[in-house]
Amino acid sequence: MSVGIDEISFYTSNYYLDLRTLAEVQNTDTEKYYQGIGQEKMSMAAPDEDVVTMAANAALPLIERVGTDSITTLMFATETGIDQSKSAGVYVHRLLNLHENCRVVELKQACYSATASIQMACALVARQPDKKVLVIASDIARYDLDSPGEATQGCGAVAMLIAADPRLVEIDPEVGNYTEDVMDFWRPNYRTNALVDGKYSTKIYLKSLKKAWQHFYEASSLAFNDFSHFCYHLPFSRMAQKAHQTLAKFNKSGLAVEQLEQQIQDTLHYNKTIGNSYTASMYIGLTSLLENCTENLANSRIGFFSYGSGCVAEFFSGRVVAGYEQFLHRDKHQQMLAARQEVSYDEYLDLYRYPDPRDGSENTIEAKTSGRFRLTEISNHKREYAAI
Ligand code: CAA
């Protein structure tokens, strides 16, 4: 029996800032962003959106297709937690009308926790193959204004159904892990924005890639040239290009730069215009590959490198299932991205600075999102959500 990803669907906000606008305001060359970091736009969450509403919006198409009966667990991966105690997934459980016997838990380890969720979900499904696990990764990437990280913000959520005999991607059991206590990127509880040692974080990312790959290589019978495509964690697209060149060199692949580019380019389309979505980014990259690659990927091996600052990294592999193309949500995703609204720099600042009430007073939140779920109110220290 194989276990893996049976459904995949993502959501991002309907507002974006073109990095050309940011570059103009900062008097920076646009090509630094478009080419140097490989990003063109970044999604900005509406005032009435958070990780809960984005998660529910990401999962809705999948629930509409498969129903809720077989889902026995919801794992919610995020590093944009809204509560120290209650899982954001419990709100999503209600918004999606999941069964009262469905367990819910939130997982955190920077951008890595969606991968931990998937591995745990695969283990649960292996024990009870008639059950399904809903894994949702949802994040809003925020850095200080005028910091080097500002151009690498974004937001998004991805929902995946983990099941036996999956229709999209079978996940292989062999993994390579690497953990090291480092301070490359972190967000203390009292801060809204992440702190980051940018250059150091890219070095640790590449070091972790080599370490996780080495561990994977010992466990798996697969070698670098057995993979047709690679999905990397995507803080910004250029990071994936650097990572892939590093891994190819490490393995003496003998592939030309263009061949290496071809192995990752289709994973980057969506992220280039959404920006960093932390836990969700690698899986939005997988969606991008499945939905945009012109060759049929059936039976192709995909290598995955998941990285969470701090840091925990994992390399694992999957095989694309024949017929996968019938079960994607391509049109929905592409329509959603095409319908987004560009914001001016001042409107971006308004979204960036939208009040985040913490005093328990009554706060009604204006309706702005085009998603099906919204945050309507924060009053008495309680967040209220509604379906539109
Ligand atoms: N035309 C073309 N390219 C240009 C250019 C121009 N006019 N001007 C500069 N560039 C290139 C630079 O040469 C550089 O390329 P290389 O990296 O290949 O040398 C690239 O653009 C970026 O320029 P800088 O190095 O000067 O950029 P910066 O220092 O201002 O910021 C960054 C880069 C440090 C990564 C910053 O974006 C940042 O701090 N980002 C947040 C942290 C991050 O994403 N880290 C990634 C690893 S950690 C992780 O993955 C977890 C996570 O999700 C955060």
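The model shown is predicted, which means the values in this text are computed figures rather than measured ones. Just follow the structure's listing: the first ligand is 1, and inside any ligand the first atom is 1.
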Contact bool for atom 13 (O) of ligand 1 (protein heavy atom, d < 4.0 Å): no

Over 12 non-hydrogen atoms of neighbours within 6.0 angstrom of CZ in Arg187: yes

Taking N or O atoms only and a 3.5 Å limit, does Lys242 qualify as a polar contact for ligand 1? yes

Under 4.0 Å, heavy-atom basis, I'd like to know which part of Ser201 is in contact with ligand 1: side chain, backbone, both or neither. both

Considering only non-hydrogen protein atoms, determine which one is nearest to atom 38 (C) of ligand 1 and report residue, atom name and distance to 0.1 Å. Gly149 CA, 3.7 Å

Does Leu96 reach the side chain of Thr68, with side-chain heavy atoms less than 4.5 Å apart? no

The atoms of ligand 1 lying under 4.0 Å from a heavy atom of Lys199, numbered in the order shown, are 24 (P), 25 (O), 26 (O), 27 (O), 28 (P), 29 (O), 34 (C)

Can we say Lys132 and Asp69 salt-bridge, meaning some charged N sits less than 4.0 Å from an Asp/Glu carboxylate O? no

Would one find an N or O of Tyr205, backbone or side chain, under 3.5 Å from an N or O of ligand 1? no

The protein heavy atom nearest to atom 20 (C) of ligand 1 is Gly36 O, 3.4 Å

Proximal ligand 1 atoms for Tyr307, defined as those under 4.0 Å from one of its heavy atoms: 48 (S), 49 (C), 50 (O)

Does Arg301 make a cation-pi contact with Phe227, if we ask for NZ or CZ under 6.0 Å from the ring centre and within 45° of the axis? no

What part of Ile204 sits under 4.0 Å from ligand 1 if we count only heavy atoms: the side chain, the backbone, both or neither? neither

Using 30° and 60° as the class boundaries, would you call the ring planes of Phe216 and Trp213 parallel, tilted or perpendicular? tilted

Please state which option from Lys32, Met239, Gln39 has its nearest heavy atom closest to atom 5 (C) of ligand 1. Lys32

Distance under 6.0 Å and angle within 45° of ring axis: Arg167 vs Tyr324: no

Protein heavy-atom partner closest to atom 2 (C) of ligand 1 - residue, atom, separation in Å: Glu31 O, 3.5 Å

For atom 32 (C) of ligand 1, is some protein heavy-atom partner under 4.0 Å away? no

Salt bridge flag under 4.0 Å for residues Asp356 and Arg358: yes

Cation-pi check for Tyr33 against Arg20: NZ or CZ below 6.0 Å from the six-membered ring centre and within 45 degrees of the axis, yes or no? no

Nearest protein heavy atom to atom 42 (C) of ligand 1, by residue and atom, and its distance? Val196 CG2, 3.5 Å

Which atoms from ligand 1 have a heavy atom of Thr152 less than 4.0 Å away? 37 (O), 40 (N), 41 (C)

Would you say ligand 1 has an N or O under 3.5 Å from any N or O of His233? yes

With under 30° as parallel and over 60° as perpendicular, where do the rings of Phe10 and His333 fit, or are they tilted in between? parallel

Check ion pair Glu79-Lys108 (N to O, under 4.0 angstrom): no

Heavy-atom pairs closer than 4.0 Å: do any link ligand 1 to the side chain of Ser309, the backbone, both, or neither? side chain

Ligand 1 to Phe185, heavy atom cutoff 4.0 Å, flagged ligand atoms 54 (C)

If you count the atoms of ligand 1 from 1 in the order shown, which ones are under 4.0 Å from a heavy atom of Gly198? 34 (C), 39 (O)

Return a yes/no value for Pro148: is any of its N or O atoms, backbone included, closer than 3.5 angstrom to an N or O of ligand 1? yes

Can you say whether the rings of His233 and Tyr307 are parallel (under 30°), tilted (30 to 60°) or perpendicular (over 60°)? tilted

Does some non-hydrogen atom of Tyr143 fall short of 4.0 Å from ligand 1? yes

Please report whether ligand 1 has a polar contact with Asp29, defined as an N or O pair separated by less than 3.5 Å (distance criterion only). yes

Salt bridge present between Glu64 and Arg372 (N-O < 4.0 angstrom): yes

Distance from atom 22 (C) of ligand 1 to nearest protein heavy atom, with residue and atom: Ile37 CG2, 4.0 Å

Given the ring of Phe236, does Lys242 sit roughly above its face, with NZ or CZ under 6.0 Å from the centre of the six-membered ring and within 45° of the axis? no

